[in-house]
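Have a look at the structure below before the remarks.
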Amino acid sequence: MYNFSEIEKKWQKYWDDNQSFKVEMDENKKKFYMLVEFPYPSGVGLHVGHGRVYTASDVQARFKRANNYNVLFPMGWDAFGAPAEQYAIKNHIHPSEAVQENIKVFKGQMKSLGLAIDWSREFATTDPEYYKWTQWQFLQFYKAGLAYKDEKEINWCPNCKMGLSNEDAQGGVCERCGCQTTKKLKNQWVLRMSNYADKLLDGLADTEFLDKVKTAQVNWIGKSIGASVNFKLKDTDDYLEVFTTRADTLFGATFMVVSPEHPYLEKYKDKIENIDEVNKYQEEAKKKSEIERTDATKEKTGVKLEGLVAINPINNKEIPIYISDYVLVNYGTGAIMAVPAHDERDYAFAKKFGIDIIQVLEGGDITKEAYIGDGVHINSGFLDGLGKQEAIDKMIEYLEENNIGHSQVNYRLQDWIFSRQRFWGEPIPMIYCEDCGWVPVPDEDLPVVLPNVSSYEPTDTGESPLANIDEFVNCKCPKCGKDAKRETDTMPNWAGSSWYWLRYMSPKCDNAIADMDAMKYWGKVDLYDGGMEHATRHLLYARFWNIFLHEQGLVPNSEPFSKRISHGMILGPNGEKMSKSKGNVVNPNDMIENYGADALRTYEMFIGDYSKDAAWNENGLKGCKKFLDRVWRLQEVLNDNEGYTKELEVIINKTIKKVSEDIENLDYNTAVSALMILLNEIEKHDSITKMDYRTLITLLNPFAPHITEEINERCSLGDTLCTSSWPIYNPDKIMDDTYEMVVQVNGKVRGKIEVSTDSSEDEMKSLAREIDNVKTHIEGKQVVKEIVIPKKLVNIVVK
RNA sequence: GCCUGUGUGGUGGAAUUGGUAGACGCGUUGGACUCAAAAUCCAAUGGUAGCAAUACCGUGUGGGUUCGAGUCCCACCACAGGCACCA
């Protein structure tokens, strides 16, 4: 047998030495931009799941290259973030040192997989030459009025001592450490992402994302169309504003509820007679975790505001106001009009507090539960007798005419909290001056570099460790020259990954985020592969960022990615997610050592539907190794005949078609299967031609690039495969002369017969009746009709 | 609760989109080679009945459309992912 590690090293060196995969712009060639999410270089090295994703991307890149595309297939490192910082805290070294070490390991592993990456474009988000431009782009947001400082309650992880975005604290659990988050007031930099809600929705039309990715984004943005309604506060000149999607039920609004954080509670503290009780409720709400507060199944709680009463503007009835934590401060106006007859939550609250329930839609039995279905309006004055949409329209018209409210759109999407109180992130390039306020760091002073310090731990006050470093903090105001202080917060991990695909286009550019000509040439990412876990967060941030850059005239396209696909995970042999604690982790290094990178790659492509999870099975890997061994052994049976072996011509042409289409459609598993079928056919012959062999290994090359190059060289089959063109099939040669015609009687298969491909329908019919078993099934029965599907089957219907 | 998906042999998974269900691989069983083992090669392999030809059953469940349904329609069940007191 052959020495696969020797062969693999040989060809990896060859590709390196010859810079085989380096690309430059070439206006004469069609471009193809293959992007795969760049990894966070952790200390544990690559996972076999990475192997699947990178191999699949590599197959695409090699396939497109062979099809004469100018292929950009780059790689880099998303290297800011908590793990490197934790490691630094523990070992008292600069995080960049740990990052350098890890990158080395990752890159070595990627090379040993034989990936056709253009390494000349490599960078890390932690390179000052890169984050200089991340900082510069933040300043563009700032200058466009899209970055602002806001004192607001944020998610706070008491364990990590860190502010978290809503995205990082989903469900009230810290994404990093898993502990329960609380709330804390902090002055944060925030990006006005919510301004872009509609653009993010509309832009989806220009993408080819999977439906589930689009749906996830649409849900995340959460657009709802409704109305804003003002309720007058009795004995004041003020109004309490609410958002509702059901303005038509206003006649049934019998009370109002404000969230515990609503500003009116402070504003009207003198008017609220039971303010102590209210304050107590606010305190309790604050103490509760996000999980407790948003548990929809728990019993409703609340306190009635004594002394503060609202007036329903549609009927001028006085209605009470309550404070309750089932109303969220960060959605709508933080206050609602409650229609207990037709809303489950309001119903539960009204029942508990003994509030009036007025039915305004016909249907259901509201003595038992809220009726949330549709119905004709009743008890609703001028809306009586109307259906839902008609009533909504009429009500909004009325509200607008009478200056009580207006139509309004609301989004679930929030602004992006952009501050982190950590060391290992891009410093936010802002300076605070007593006289001038917040002043951007001038472009020529970028990047604001992370200093060397002895401790990387967050401070007890929750501020970044940078706040303890006087040399970093103290500076001069760029505007007036007086003593000033730097912002010590850093950017979130998502910042560096929100524009990295642009940088690959011209990674060395030093006067812009990337060269405009390069961005125009490479354009949008053609195929972007990443995990489903990034369908909302990373993908929305990246799109928001790019849309903004486009508006600023900094990039040529509004949408950054054409097609987004997502791969399934590789699970452990037991079908569970691989983890150290479960002891089911498969190390790709071991697999490469024992079976070779080619076998590993082939197996990871063959393992199953690329978009679905798949459980690891080492026997499957052995099977793929066996397949490659058999391909290798064909070297012994080469003959000197020209062209294809005649009997193999059809299946070879068919296989070219099948493999090409499958790779194009990301059906890697069936592409490998087609090659196995071809090999099975080939092995039925005593000898094969060089052309037979060359075509087989060319089709196999994207999956097993090393062994195929070696075979190609040893047998002198042609040019190196990495610079060769993909085979083209002959459409006239993909049809066999004969096929197995299926004969059914009443839809059941009763016989099969080998017939010539150019048999006429009549010939097919008569051949069908000659089959003995068919005869027995139609004997003595009346033939009602005969269905003929050319080149496939005959179905005889009898009675 | 809502939104996406998915459900096929012992197993990973195929099925030209309404036309032979189970390709290909793994596993299992039998055989060849070998003193023996490994490796390799050959054969069989959805279930039931049968010596066999063949018949019946079979793609989560129950209905339906059709000459014909894994594929389309209706209802339901289970699992996975996302969202969720969003007014």
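Proteins come first, then strands; the chains are lettered A, B, ... in the order of their sequence lines, and each starts at number 1.
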Whole angstroms only, please: what is the [atom1]-[atom2] distance between [X] and [N]?
X        : N     : atom1 : atom2 : value
A/Ile225 : B/A87 : CD1   : P     : 12 Å
A/Leu628 : B/A39 : CG    : P     : 17 Å
A/Lys612 : B/G5  : NZ    : C1'   : 9 Å
A/His538 : B/G82 : NE2   : P     : 17 Å
A/Lys223 : B/C3  : NZ    : C1'   : 18 Å
A/Phe209 : B/G82 : CZ    : C1'   : 16 Å

Side-chain donor/acceptor of [X] to base of [N], under 3.5 Å:
X        : N     : answer
A/Gln744 : B/G19 : yes
A/Lys300 : B/C85 : yes
A/Asn795 : B/C67 : yes

Of the listed nucleotides ([options]), which one gets closest to any side-chain atom of [X]?
X        : options             : result
A/Asn773 : B/U54, B/G82, B/G27 : B/U54
A/Val749 : B/A21, B/G12, B/A87 : B/A21
A/Lys212 : B/U4, B/A55, B/C26  : B/U4
A/Ala216 : B/U40, B/G82, B/A87 : B/G82
A/Asn680 : B/C85, B/U20, B/G25 : B/G25
A/Asn669 : B/U4, B/A14, B/A55  : B/A14
A/Phe606 : B/A23, B/G12, B/C67 : B/G12
A/Thr215 : B/U4, B/U16, B/C26  : B/U4
A/Ile787 : B/G25, B/A55, B/C67 : B/C67
A/His777 : B/A55, B/G19, B/C86 : B/A55

What does the 5'-to-3' dot-bracket notation of RNA chain B look like when only Watson-Crick and G-U wobble pairs under 3.5 Å count, and pairs to other strands show as |?
(((((((..(((......[....)))((((((.......))))))((((....))))..(((((..]....))))))))))))....
Distance check, [atom1] atoms only: [N] and [M], in whole angstrom units.
N     : M     : atom1 : value
B/A36 : B/A32 : C1'   : 15 Å
B/U59 : B/G46 : C1'   : 11 Å
B/G62 : B/G12 : P     : 23 Å
B/G9  : B/U45 : C1'   : 10 Å
B/G58 : B/G10 : P     : 16 Å
B/A14 : B/U65 : P     : 32 Å
B/G60 : B/A15 : P     : 16 Å
B/U4  : B/U17 : P     : 26 Å

Output all residues satisfying side chain to side chain contact (heavy atoms under 4.5 Å, CB included) with A/Phe243, sequence neighbours left out; order by chain, then residue number.
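A/Phe243: side chain to side chain contact (heavy atoms under 4.5 Å, CB included) contacts with A/Ser224, A/Thr245, A/Tyr331, A/Gln408, A/Asn410.
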Scan [X] against the nucleic acid and name what it touches under 4.0 Å (heavy atoms): base, sugar-phosphate only, or nothing.
X        : result
A/Val672 : nothing
A/Gly332 : nothing
A/Lys298 : base
A/Asn410 : nothing
A/Ser324 : nothing
A/Val742 : base
A/Asp609 : sugar-phosphate
A/Ile336 : base

For the pair [X] and [Y], find out whether any cationic side-chain nitrogen is under 4.0 Å from an anionic carboxylate oxygen.
X        : Y        : answer
A/Glu661 : A/Lys657 : yes
A/Glu683 : A/Arg630 : yes
A/Asp325 : A/Lys298 : yes
A/Lys223 : A/Asp198 : yes
A/Asp529 : A/Arg564 : no

Step through it carefully: locate the ring centre of A/Trp416, locate the ring centre of A/Tyr196, and say whether they are under 6.0 Å apart.
no
Flag the pair A/Tyr347 / A/Tyr371 as yes when their ring centroid distance falls below 6.0 Å, and as no otherwise.
no
Give a yes/no on whether any side-chain N or O of [X] is located under 4.0 angstrom from OP1 or OP2 of [N].
X        : N     : result
A/Lys622 : B/A39 : no
A/Arg750 : B/A55 : yes
A/Asn619 : B/G27 : yes
A/Arg412 : B/A87 : no
A/Lys785 : B/C67 : yes

Could you check A/Arg246 against A/Asp667 and say which one's nearest nucleotide on RNA chain B is further toward the 5' end?
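Residue closer to the 5' terminus by nearest nucleotide: A/Asp667.
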Starting from the 5' end of RNA chain B, give me the residue, A/Tyr326 or A/Glu740, whose nearest nucleotide shows up first.
A/Glu740
Syn or anti conformation of B/U17, syn meaning chi within 90° of 0
syn
Glycosidic torsion of B/G82 (syn if within 90° of 0, anti otherwise) classifies it as anti
Could you verify whether a donor N or O on one side chain and an acceptor N or O on the other, from A/Asn574 and A/Asn584, lie under 3.5 Å apart?
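Yes, because at least one side-chain N or O of A/Asn574 sits under 3.5 Å from a partner of the opposite role on A/Asn584.
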What salt bridge (Lys or Arg N to Asp or Glu O under 4.0 Å) pairs are there with at least one residue in residues 784-799 of chain A, not counting sequence neighbours?
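As it turns out, the salt bridge (Lys or Arg N to Asp or Glu O under 4.0 Å) pairs with a partner in residues 784-799 of chain A, which skip direct neighbours, are A/Arg769-A/Glu786.
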Specify whether A/Tyr322 and A/Phe255 have parallel, tilted or perpendicular ring planes, treating 30° as the upper limit for parallel and 60° as the lower limit for perpendicular.
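Plane angle over 60°, so perpendicular.
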